[in-house]
Amino acid sequence: MRVPLLDLSGQLGPIREEILAEITRVMDSSMYILGPDVAKFEKNVAAYCQAKRGIGVASGTDALLCALMGLGIGPGDKVLTSSYTFFATMGSILRLGATPVFADIDPQTYNIDPEKIRAILSQGDTAIKAIIPVHLYGQCAAMDEIMAIAAQYGLPVVEDAAQAIGACFPVAEEGAVRWQRAGSFGAAGCFSFFPTKNLGGMGDGGMITVQDEAFAEDLDVIRVHGGKPKYYHGVLGGNFRLDAIQAAILDVKLRYLPDWHRGRRKNAQAYESLFKDTGLLEKGLVTLPQAVYQKFADHPVDGPDYHIYNQYVIRVQDRDALRDYLTDHEVGAEIYYPVPLHRQECLVKTGWQGPALPETDRAAAETLALPIFPELSWEMLEFVVAQVMGFYQGRGMI
Ligand SMILES: Cc1ncc(COP(=O)(O)O)c(C=O)c1O
């Protein structure tokens with residue numbers, strides 16, 4: 001048996017004709033950039049994400065860049081974020097001439113630790129102008145605490161929700177729990193439609209979700225080189241526009257997204273029951289991802305999307321050797337992310353310095369993503385777990 005990390009062909013099969021019809025329709029319309037298809041998709045994503053407005057952009061990276069430009073981030077400013085994330089989170093800060101400040105992560109969720117944010121802000125550095133929490137792997141950062149801290153210090157929050165479209169965070173309200181979606185908490189939510197995301201295009205794409213109309217208007221203009229009216233540039237922007245064909249494809253896929261999320265959660269539950277029988281968890285050789293908000297959900301699979309499992313990331317002993325073993329045994333496994341941002345050469349060589357981030361370093365050394373895409377069969381999941389078991393058995397560790 002062979003189990004790849006991700007295989008998109010199973011997802012495409014049932015919706016192939018629907019998507020081909022949309023591609024043909026847009027092709028015949030001659031409207032290829034922005035236009036009615038992008039506007040329709042923006043409306044649908046905003047509604048799904050519980051936001052007032054959606055601004056379609058060319059990638060998740062451009063979503064972050066455009067949002068930070070809209071907040072006026074520039075040289076001399078600092079932005080507080082996580083070091084344990086994809087490069088784009090920091091890249092958008094550096095490209096504006098600003099400097100990242102990193103808070104360490106919570107070792108359970110791998111998301112930025114609110115207490116670490118609080119500790120940094122309490123030092124009174126007034127150059128810090130924004131906070132970017134990352135909803136890593138498909139689970140929201142602790143948005144209740146982060147929003148409260150941000151309000152205390154008067155800082156805008158830009159959610160890096162690239163991996164987390166649809167992920168819900170439980171908000172306590174009048175004795176009950178209300179589930180609020182990623183991208184609806186901060187000044188802006190930044191999404192990626194890179195093909196490996198739960199909502200993935202057939203190329204690059206992204207979206208910014210916004211609650212404030214005036215800010216949405218600003219971003220609308222920044223997205224088209226800051227031109228309003230056309231050819232009159234009151235502010236600096238960029239070419240951050242979304243293609244109509246991508247929007248039309250993604251709009252079809254958006255209708256299936258809740259089913260795909262459920263499929264991934266079901267697979268996560270299957271891993272849980274399979275790993276429980278191995279003894280690997282008790283021995284501390286494998287630690288499964290902690291879906292910390294699951295405990296608030298009425299029903300783990302049909303209930304709220306407390307985790308959308310864009311990646312299923314386990315913490316393991318002898319990570320690199322296990323990864324090689326899985327590759328040799330035809331199981332796709334990937335390391336997200338081997339080098340945390342505070343150790344990236346392009347930052348270090350600028351002379352940047354910051355405090356130690358022990359949990360970030362430990363996660364970068366110990367974590368491994370296993371296949372989780374919705375179309376995996378029970379037999380495939382069993383095979384993956386059997387290979388992990390085989391690795392530790394072969395080393396006499398279990
Ligand atoms: C956490 C995070 N931020 C930002 C991005 C950037 O998105 P894109 O690849 O669409 O530019 C990604 C995508 O991989 C991501 O995972």
Side-chain angles (χ1 to χ4, degrees), residues 64 67-137 139-161 164 169-173 180 182-190 211-212 215 290 292-293 337 340-344 347-348 350-364:
L64 287 163
L68 293 179
M69 287 175 88
L71 292 172
I73 301 297
D77 293 339
K78 295 180 182 173
V79 179
L80 182 44
T81 190
S82 171
S83 168
Y84 188 55
T85 171
F86 179 60
F87 181 78
T89 314
M90 171 173 84
S92 60
I93 299 167
L94 293 175
R95 283 171 66 188
L96 292 173
T99 308
V101 175
F102 296 117
D104 209 356
I105 55 167
D106 170 343
Q108 265 204 319
T109 63
Y110 307 114
N111 283 326
I112 196 164
D113 182 340
E115 285 315 312
K116 301 285 170 15
I117 296 179
R118 205 187 293 278
I120 290 170
L121 291 177
S122 70
Q123 291 164 18
D125 186 346
T126 54
I128 297 176
K129 293 288 165 41
I131 305 173
I132 309 182
V134 182
H135 305 316
L136 201 71
Y137 304 143
Q139 175 163 232
C140 286
M143 290 313 291
D144 48 355
E145 288 177 77
I146 292 170
M147 291 310 295
I149 298 166
Q152 185 188 339
Y153 287 91
L155 293 173
V157 171
V158 173
E159 295 173 64
D160 184 339
F169 183 85
V171 177
E173 208 172 62
Q180 191 174 328
S184 66
F185 290 89
C190 298
Q211 302 292 15
D212 182 80
F215 189 47
Q290 308 293 304
V292 295
Y293 309 122
Y337 297 89
L341 300 185
H342 69 288
R343 297 192 180 281
Q344 291 292 346
L347 179 68
V348 173
T350 65
W352 178 93
Q353 283 193 325
L357 302 167
E359 290 301 344
T360 295
D361 284 331
R362 200 161 72 83

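What you see is a predicted model, and the numbers here were worked out from it, not measured in a lab.
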Got a donor-acceptor contact below 3.5 angstrom from the [X] side chain to the [Y] backbone?
| X | Y | value |
| --- | --- | --- |
| E145 | I149 | no |
| E359 | P107 | no |
| D361 | P358 | no |
| S83 | F102 | no |
| Q211 | G186 | no |

- Can you name the residues that form a side chain to side chain donor-acceptor pair (under 3.5 Å) with Q123, not counting sequence neighbours?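 For Q123, no residue satisfies side chain to side chain donor-acceptor pair (under 3.5 Å) once neighbours in sequence are set aside.
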Nearest 0.5 Å, please: how far is [atom2] in [Y] from [atom1] in [X]?
| X | Y | atom1 | atom2 | result |
| --- | --- | --- | --- | --- |
| H135 | C190 | NE2 | SG | 9.5 Å |
| F169 | S184 | CZ | OG | 11.0 Å |
| Q139 | Y293 | CD | OH | 5.5 Å |

Looking only at heavy atoms, which two atoms of [X] and [Y] are closest? And how far apart?
| X | Y | value |
| --- | --- | --- |
| I73 | A98 | CG2-CB, 3.7 Å |
| F86 | L341 | O-CD1, 4.1 Å |
| A67 | F215 | O-CZ, 3.9 Å |
| Y84 | I105 | CD2-CD1, 3.8 Å |
| P100 | I93 | N-CG2, 3.9 Å |

- Task: Assess whether side chain to side chain contact (heavy atoms under 4.5 Å, CB included) is satisfied between I132 and L80, documenting all intermediate values.
- Result: CA-CA 6 Å; I132 309 182; L80 182 44; over 6 Å; no
Side chains of [X] and [Y]: closer than 4.5 Å at any heavy-atom pair?
| X | Y | value |
| --- | --- | --- |
| Y153 | S122 | yes |
| V158 | V79 | no |
| N111 | P133 | no |
| K129 | L71 | no |
| M143 | E159 | yes |
| L136 | I112 | no |
| T81 | I131 | no |
| T85 | M90 | no |

- Just jot down the salt bridge (Lys or Arg N to Asp or Glu O under 4.0 Å) partners of R95, sequence neighbours excluded, or say none.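 If we apply the salt bridge (Lys or Arg N to Asp or Glu O under 4.0 Å) test to R95, skipping adjacent residues, there are no hits.
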- Message: Suppose the criterion is salt bridge (charged side-chain N to carboxylate O under 4.0 Å, His left out): which pairs have a residue in residues 108-126, not counting sequence neighbours?
- Response: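 Non-adjacent pairs meeting salt bridge (charged side-chain N to carboxylate O under 4.0 Å, His left out): K78-D125, D113-K116, E115-R118.
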- Using side chain to side chain contact (heavy atoms under 4.5 Å, CB included) as the criterion, list what pairs up with T350, not counting sequence neighbours.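 Counting only residues at least two positions away or on another chain, T350 forms a side chain to side chain contact (heavy atoms under 4.5 Å, CB included) with L347, W352.
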- Can you list the residues that meet the side chain to side chain contact (heavy atoms under 4.5 Å, CB included) rule with V348, with sequence neighbours excluded?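 By the side chain to side chain contact (heavy atoms under 4.5 Å, CB included) rule, V348 matches no residue at all.
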- Residue E173 excluded, over 12 heavy atoms near CD under 6.0 Å: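 It does: E173 CD has more than 12 such atoms within range.
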- Item | Pair listing, side chain to side chain donor-acceptor pair (under 3.5 Å) test, anchored in residues 97-110, at least two apart |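 Found D104-T360.
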